[in-house]
Protein chains: 2
Amino acid sequence: MNQDAILQALVADKLVSAPDSARGRLLTEAARLFRDRGYERTTVRDLAAAVGIQSGSLFHHFRTKEAILKAVMVETIRLNTALMQAAVDEAQGDRAKLRALIHAELESINGLTGEAMAVLVYEWRSLSPEAQEEVLALRDIYEQLWLDVLGRLHRSGEVTADPFVVRRLLTGSLSWTVTWFQSGGKMGLSELTDQVMLSLGLID
Amino acid sequence: MNQDAILQALVADKLVSAPDSARGRLLTEAARLFRDRGYERTTVRDLAAAVGIQSGSLFHHFRTKEAILKAVMVETIRLNTALMQAAVDEAQGDRAKLRALIHAELESINGLTGEAMAVLVYEWRSLSPEAQEEVLALRDIYEQLWLDVLGRLHRSGEVTADPFVVRRLLTGSLSWTVTWFQSGGKMGLSELTDQVMLSLGLID
DNA sequence: GACAATACCAAGCAAGCGCTTGGTTTGTAA
DNA sequence: TTACAAACCAAGCGCTTGCTTGGTATTGTC
């Protein structure tokens, strides 16, 4: 199952907006602006101008500005959880599964959904506590994928550090790549994935 | 040379504000508020109230709100560069030096200067480009400490991944700890340092 | 004890903010 | 063609924002 098919399945279930719909385009622009300027610095007028409508018209699609932020986060998590799940299922063996997870997360951070992923990580505080809780519940599913693989690698002795700690260290490492890694640069995503595996001592 | 002595030397050179001065207290409160609410969400009225003066009086000490943010960042880097330098100098051998760096950075992130360090990492965008450049220059000194040690460990074969990449992965891991690590919890800073060294395959 | 310099207050201005309102255009299906 | 909902516009309200202003205490120095 390729990435496009996964996306289309989610769109069919109305779990994420179609990228070419009015709502989808708004969310894409929102992610870009929120990432570039930050949520607070982005005004509803900026957002409206980016999709070519009046600022007031935004509130026909979303009740509040925060609802836009929340939608960006929720749809991003849903898409990436599905992509991760597929990556894990395809790979054979736990080292390969871990590598697949790392590669998939790096792809989501530095690829097409990169802007939205950066928002998810760095605009967390801008969500109200209630919205945070909702999004957190979705994240748990996502995190469990990692913990399962890391737990098995720990029991087999291939990873000596604590799985929970390793996942958290990896979360930081991988999300931080958004600040320095250039997708078009001389190091590709696969080489970066190798470097991460190397630094974990999982390649000789 | 202990940490207090280092701080006092910097204060004597007017490179950082004394923590008990008016300016110092303002910067401490600013760091706390900027971290808790974010720079944009923190108003000058919030800041003034936190130190017990009127909002207008802030502008006697700083020309603009952004100047406060910049001062928080600049003073934090100056202090931590000095602390890191001392940590590296004291440790014997490159593994020990790396451990000292990791421990020192974790301490600065999760200890007393934690709020300011979080601001440095997560409020970067709120600085104007000119201010960013100034702060970046200070950061280079700081980063060189790491690259020297990692470079030697790489040449000796103890670290197989690229030193630049490892440093960046570590920057992410360590700064991210601010979101989950509890200083008062059952895992201490030293144990966390060990876990990081473990995950790098530098402890057997 | 005179005199700056420093630190602060009280009040408010201009601009920008999220969001609302009442009405018009566009798309869809009978 | 009619009917109706979804999508959008034009205007602006009420509030908050960073910052300014003119004046008053407080502090340090000789």
Side-chain angles (χ1 to χ4, degrees), chain A residues 11 14 17-73 119 123 125-132, chain B residues 11-12 14 17-73 119 123-132:
Chain A
V11 170
K14 310 231 173 193
S17 313
D20 55 347
S21 68
R23 187 186 155 102
R25 262 180 288 115
L26 174 53
L27 290 180
T28 304
E29 288 301 319
R32 196 177 55 80
L33 286 169
F34 288 165
R35 183 204 140 153
D36 289 350
R37 313 185 191 180
Y39 172 75
E40 299 290 338
R41 288 179 104 93
T42 305
T43 71
V44 292
R45 287 166 179 81
D46 293 335
L47 270 163
V51 291
I53 59 174
Q54 292 290 345
S55 68
S57 307
L58 279 182
F59 297 90
H60 171 73
H61 299 279
F62 293 92
R63 250 174 36 80
T64 63
K65 183 187 171 192
E66 196 203 353
I68 301 177
L69 176 62
K70 185 178 158 189
V72 168
M73 292 186 171
V119 170
E123 298 298 337
R125 266 186 323 215
S126 301
L127 272 190
S128 67
E130 307 88 67
Q132 280 189 19
Chain B
V11 170
K14 310 227 173 194
S17 314
D20 55 345
S21 69
R23 188 186 153 101
R25 262 179 287 117
L26 174 52
L27 290 180
T28 304
E29 287 300 318
R32 196 177 55 80
L33 286 169
F34 289 165
R35 184 206 140 153
D36 289 351
R37 313 185 190 178
Y39 173 75
E40 298 292 338
R41 290 179 105 94
T42 305
T43 70
V44 292
R45 287 165 180 80
D46 293 335
L47 270 163
V51 291
I53 59 175
Q54 292 288 2
S55 69
S57 307
L58 279 183
F59 296 89
H60 171 74
H61 298 279
F62 293 92
R63 252 173 38 78
T64 62
K65 183 188 172 190
E66 196 204 353
I68 301 177
L69 176 62
K70 185 178 159 191
V72 168
M73 292 186 171
V119 170
E123 299 298 335
W124 188 247
R125 264 186 325 217
S126 301
L127 271 190
S128 66
E130 306 89 67
Q132 280 189 18

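A heavy-atom distance below 4.0 Å to DNA chain C is reached by none of the residues of residues 24-39 of chain A. Applying a 4.0 Å cut-off to non-hydrogen atoms, the residues of residues 40-47 of chain A that approach DNA chain D are Arg45(A), listed by residue number. Of the residues in residues 49-62 of chain B, those with a non-hydrogen atom less than 4.0 angstrom from any atom of DNA chain C are Gly52(B), Ile53(B), Gln54(B), Ser57(B), His60(B), His61(B).
Interface limits on DNA chain D: the 5'-most and 3'-most nucleotides within less than 4.0 Å of chain B heavy atoms are dT17(D) to dT20(D).
Looking at every heavy atom in both residues, Phe62(A) comes nearest to Ala71(A) through CE2-CB, 3.8 Å.
A salt bridge (charged side-chain N to carboxylate O under 4.0 Å, His left out) check over residues 46-66 of chain B, counting only residues at least two apart or in different chains, returns the pairs Arg37(B)-Asp46(B).
Partners of Arg125(A) under the side-chain hydrogen bond (donor to acceptor under 3.5 Å, both in side chains) rule, at least two apart in sequence or in another chain, are Glu123(B). Listed by chain and number, the residues in a side-chain hydrogen bond (donor to acceptor under 3.5 Å, both in side chains) with Lys70(A) are Glu134(A) (sequence neighbours excluded). Taking Arg41(A) as the reference, Glu40(B) meet the side-chain hydrogen bond (donor to acceptor under 3.5 Å, both in side chains) condition, with sequence neighbours excluded. Take Asp36(A) and apply the side-chain hydrogen bond (donor to acceptor under 3.5 Å, both in side chains) test, not counting sequence neighbours, and it matches no residue.
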Output a table of donor-acceptor pairs, distance under 3.5 Å, between side-chain atoms of residues 19-33 of chain A and any protein atom two or more places apart or on a different chain; print 'none' if there are none.
from: Ser21(A); atom 1: OG; to: Ala18(A); atom 2: O; distance (Å): 2.7
from: Ser21(A); atom 1: OG; to: Gly24(A); atom 2: N; distance (Å): 3.0
from: Arg23(A); atom 1: NE; to: Ser17(A); atom 2: OG; distance (Å): 3.0
from: Thr28(A); atom 1: OG1; to: Gly24(A); atom 2: O; distance (Å): 2.9
from: Glu29(A); atom 1: OE1; to: Arg32(A); atom 2: NE; distance (Å): 3.3
from: Glu29(A); atom 1: OE1; to: Arg32(A); atom 2: NH2; distance (Å): 2.6

Which pairs would a plain distance check flag for residues 47-61 of chain B, meaning a side-chain donor or acceptor within less than 3.5 Å of a matching protein atom at least two apart in sequence or in another chain?
none

